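Numbering of ligands and ligand atoms starts at 1, following listing order. Computed from a predicted model, the values in this text were never measured in an experiment. Residues: numbered from 1 along the sequence shown.
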Amino acid sequence: MAGQQQKPKFAFFEGQIVPFADAKISVMTHALNYGTGVFGGIRAYWNEEEEQLFIFRPQDHFERFIQSASLMRISLPYSVENLVDMLAELLRAEGFRENCYIRPLAYKSTEMIGVRLHDVDDEFTMFGVPFGAYIPNEDGAHVCFSAWRRVDDNAIPARGKIVGAYANSALIKSDAILAGFDEALVLNQEGHVTEASAANIFVVRKGVVYTPPVQSDVLEGIVRRTIIDLLRNDLGMEVIERDIDRTEIYIADEIMLCGTGVQVAAITKVEHRPIGSGRMGQVTRRVRDLFFDVVTGRVEKYRDWLTPVYMPEAVR
Ligand code: PMP
């Protein structure tokens with residue numbers, strides 16, 4: 001079958017960890033019919049020396065997840081702390097000793113016909129899979145501008161990770177890939193640059209880094225926030241959140257994409273135009289190297305962004 005992924009051994013489903021094969025929903029499930037769900041995407045990184053699996057910023061991910069859920073009138077019986085504990089337990093059950101990706105999903109679960117958000121039951125599920133790179137050319141991606149526009153805050157809010165809204169991302173992604181590109185950049189209804197199909201964007205120009213503000217129909221990315229902090233605090237760079245015009249992309253010195261899936265990827269060509277030198281630039285390389293050190297637990301001052309899954313060696 002096309003594009004199949006390795007299956008998890010377990011899933012959290014209807015209140016408990018069950019064998020993955022038992023985590024099934026009906027064809028009449030509301031969310032499957034109407035896109036009435038919200039999800040998250042979290043990574044955990046394996047540190048070989050410490051034999052430890054670190055979940056990256058799970059509290060921030062679950063906080064956003066609960067906010068996305070509330071936009072869709074989905075209420076969860078779990079707090080952020082509950083969800084982090086449940087995730088760690090699931091990963092221990094899987095016994096992962098490699099980088100992995102976790103997908104929490106809250107959804108309207110009633111088997112019924114009828115488009116609405118009220119008077120429909122809510123459910124929660126979560127699973128994890130081993131995961132490597134998300135886009136093939138992350139050292140130098142070739143992207144286009146999508147002919148599609150990003151979903152508008154007054155249509156489906158892009159700041160929530162809403163299942164139905166990812167029809168927009170899927171249209172954007174497939175049209176880009178089938179036209180021979182690695183990804184696409186997407187404009188909003190005002191014609192400003194928002195993000196890629198599933199990653200935020202940073203543009204470096206004359207030593208200053210720009211990224212669209214969260215009011216520009218972008219997802220409020222956790223990695224976006226991380227990269228802003230690393231650029232400002234560790235690379236000593238000025239980061240400005242403001243609208244970005246299409247033509248600023250053409251004359252940028254460097255462009256990078258960031259997100260849980262993409263991690264940090266360089267864009268080196270936009271349609272027929274090379275960006276900067278046409279190779280990954282210094283700012284992208286430095287922040288990317290630092291990002292991988294941070295997520296794998298190699299930077300002491302950022303260890304509090306990480307939640308260890310296994311008991312530390314010293315107390316085992
Ligand atoms: N934008 C969109 C549309 C996304 O789907 C994602 C991936 N979650 C991102 C940006 C990056 O967000 P994060 O850094 O929280 O993964």
Give every pair made of an N or O atom of ligand 1 and a protein N or O atom lying under 3.5 Å apart, one pair per line with both atom names and the distance to 0.1 Å, or write 'none'.
| residue | atom | partner | partner atom | Å |
| --- | --- | --- | --- | --- |
| ligand 1 | 1 (N) | E195 | OE1 | 2.6 |
| ligand 1 | 5 (O) | K161 | NZ | 3.1 |
| ligand 1 | 5 (O) | Y166 | OH | 2.5 |
| ligand 1 | 8 (N) | K161 | NZ | 2.7 |
| ligand 1 | 14 (O) | I222 | N | 3.2 |
| ligand 1 | 14 (O) | V223 | N | 2.9 |
| ligand 1 | 15 (O) | R64 | NH1 | 2.7 |
| ligand 1 | 15 (O) | R64 | NH2 | 3.1 |
| ligand 1 | 15 (O) | I222 | N | 2.8 |
| ligand 1 | 16 (O) | T260 | N | 2.9 |
| ligand 1 | 16 (O) | T260 | OG1 | 2.5 |

Pair H30, T36: side-chain N/O donor-acceptor within cut-off below 3.5 Å: yes

Expected output: side-chain D182 to main-chain A141 donor-acceptor under 3.5 Å: no

Ring centre gap for F39 and Y107 strictly below 6.0 Å: no

Reference residue E220; test salt bridge (charged side-chain N to carboxylate O under 4.0 Å, His left out); the match among R64, R159, K161: R159

Y250 six-ring face occupied by R273 cation (under 6.0 Å, within 45°): yes

Test: R242 cationic atom under 6.0 Å from Y210 six-membered ring centre, within 45° of axis: yes

